[in-house]
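These numbers come from a predicted model, not from an experiment. Below, chains carry the letters A, B, ... as their sequence lines are ordered, and counting in each starts from 1.
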Amino acid sequence: MTHRAVPADIAERIYKIVAAIPRGSVSTYGWVAERAGFPRHARLVGHALRVLGSNRKVPWHRVINAQGRISFPRGSAPYTKQRRRLEEEGVRFVRGRIDLKRFGWRLTLDELIWKPDQSG
DNA sequence: GGGTTGACCTGTG
DNA sequence: ACACAGGCCAACC
């Protein structure tokens with residue numbers, strides 16, 4: 001037994017959550033972390049995706065940061081790649097930003113129904 | 001084995 | 001909109 005969690009196991013759990021993000025939707029690092037059972041470990045998700053490699057069939061491009069932006073420098077190759085993949089799925093960018101209210105996959109149907117924001 | 005980096009988040013001002 | 005601080009932790013040197 002190891003004296004701590006095996007990173008590979010953590011990564012697999014994260015990949016599973018990412019793989020569940022529907023096409024045409026996006027999620028954030030923080031939310032994936034929480035969903036994978038590691039609240040406030042957003043960085044862990046970033047690391048897991050970084051070491052993912054290009055062979056895996058994990059939709060890494062559907063994970064963006066909490067500001068609704070792609071976490072690569074604008075104009076860089078990976079930025080362009082991720083953005084093009086998202087736009088191909090119908091995700092729309094407004095001034096380099098994605099409207100998480102519209103494309104964000106974070107609320108379950110129950111949460112939408114019970115949303116305490118408005119009474120309508 | 002310690003300091004820095006990074007595909008991060010939230011709160012505060 | 002921007003800057004800063006605290007949290008969190010694997011990868012890297």
Side-chain angles (χ1 to χ4, degrees):
Chain A
M1 290 294 287
T2 58
H3 44 285
R4 66 176 181 189
V6 181
D9 291 346
I10 297 175
E12 288 304 319
R13 183 145 180 86
I14 290 171
Y15 297 154
K16 190 173 181 178
I17 300 299
V18 175
I21 304 174
R23 177 183 170 87
S25 298
V26 296
S27 190
T28 70
Y29 296 94
W31 194 82
V32 169
E34 184 175 349
R35 204 67 173 171
F38 309 103
R40 276 169 284 288
H41 288 60
R43 273 192 152 149
L44 206 56
V45 176
H47 284 290
L49 294 182
R50 181 175 66 80
V51 301
L52 178 60
S54 50
N55 276 345
R56 288 290 204 118
K57 295 193 174 85
V58 176
W60 55 268
H61 58 281
R62 292 177 191 150
V63 183
I64 61 176
N65 64 33
Q67 296 184 329
R69 300 178 184 275
I70 290 175
S71 289
F72 290 113
R74 247 192 127 152
S76 67
Y79 176 94
T80 302
K81 185 175 183 178
Q82 184 172 6
R83 174 159 181 166
R84 213 176 302 191
R85 280 195 176 190
L86 287 174
E87 287 178 330
E88 187 184 349
E89 296 184 355
V91 177
R92 203 157 105 74
F93 284 74
V94 179
R95 298 204 323 272
R97 220 180 313 160
I98 297 172
D99 185 2
L100 287 175
K101 301 283 195 217
R102 180 175 176 185
F103 297 104
W105 183 71
R106 53 202 204 96
L107 297 181
T108 66
L109 197 55
D110 288 337
E111 285 172 313
L112 285 174
I113 292 173
W114 287 94
K115 185 168 65 173
D117 185 27
Q118 302 281 342
S119 60

Taking atom P of B:dA7 as reference, at what distance in whole Å does atom CZ of A:Arg74 sit?
18 Å

What's the CD-C1' distance between A:Glu34 and C:dG7, to the nearest Å?
15 Å

Could you give the distance separating C:dA10 and B:dG1 at their C1' atoms, to the nearest angstrom?
15 Å

Taken to the nearest whole Å, CD1/A:Ile14 to P/B:dC8 is 13 Å

Measuring from atom CG of A:Asn65 to atom OG of A:Ser27, what distance do you get when rounded to the nearest 0.5 angstrom?
11.5 Å

Quick one: pull up CD1 in A:Ile98 and CZ in A:Phe103 and give me the separation to the nearest 0.5 Å.
8.0 Å

Using a strict 4.0 Å threshold on nitrogen-to-oxygen distance, state whether A:Arg23 and A:Glu88 make a salt bridge.
no

Regarding the side chain of A:His41, the nearest nucleotide among B:dC9, C:dA11, C:dC9 is C:dC9

Taking atom C1' in both B:dA7 and C:dA3, compute the distance separating them and give it to the nearest angstrom.
22 Å

Separation of B:dA7 P from A:Gln67 CD (nearest whole Å)
15 Å

What integer distance in Å separates A:Tyr15:OH from B:dA7:C1'?
12 Å

Rounded to whole Å, please give me the gap between CG in A:Leu44 and P in B:dC9.
13 Å

Base, sugar-phosphate alone, or nothing: which one does A:Arg97 contact when heavy atoms must sit under 4.0 Å apart?
sugar-phosphate

A:Phe38 has an atom CZ; how far is it from atom P of B:dC9, in whole Å?
17 Å

Quick check for you: to the nearest 0.5 Å, what is the distance between A:Glu89 atom CD and A:Leu86 atom CG?
6.0 Å

Looking at the side chain of A:Asn65, which of B:dC8, C:dA1, B:dA7 is the nearest nucleotide?
B:dC8

Is any side-chain nitrogen or oxygen of A:His47 closer than 4.0 Å to OP1 or OP2 of C:dC9?
no

Reading DNA chain C from 5' onward, which residue's closest nucleotide shows up sooner: A:Arg95 or A:Arg40?
A:Arg95

Is any side-chain heavy atom of A:Arg62 closer than 4.5 Å to one of A:Val91?
no

Using atom C1' of each nucleotide, how far apart are B:dG6 and C:dG7 to the nearest Å?
15 Å

Side chain of A:Arg50 - closest among C:dC9, C:dC12, B:dC9
C:dC12

How close or far is atom C1' of B:dC8 from atom CD1 of A:Ile10, stated in whole angstroms?
16 Å

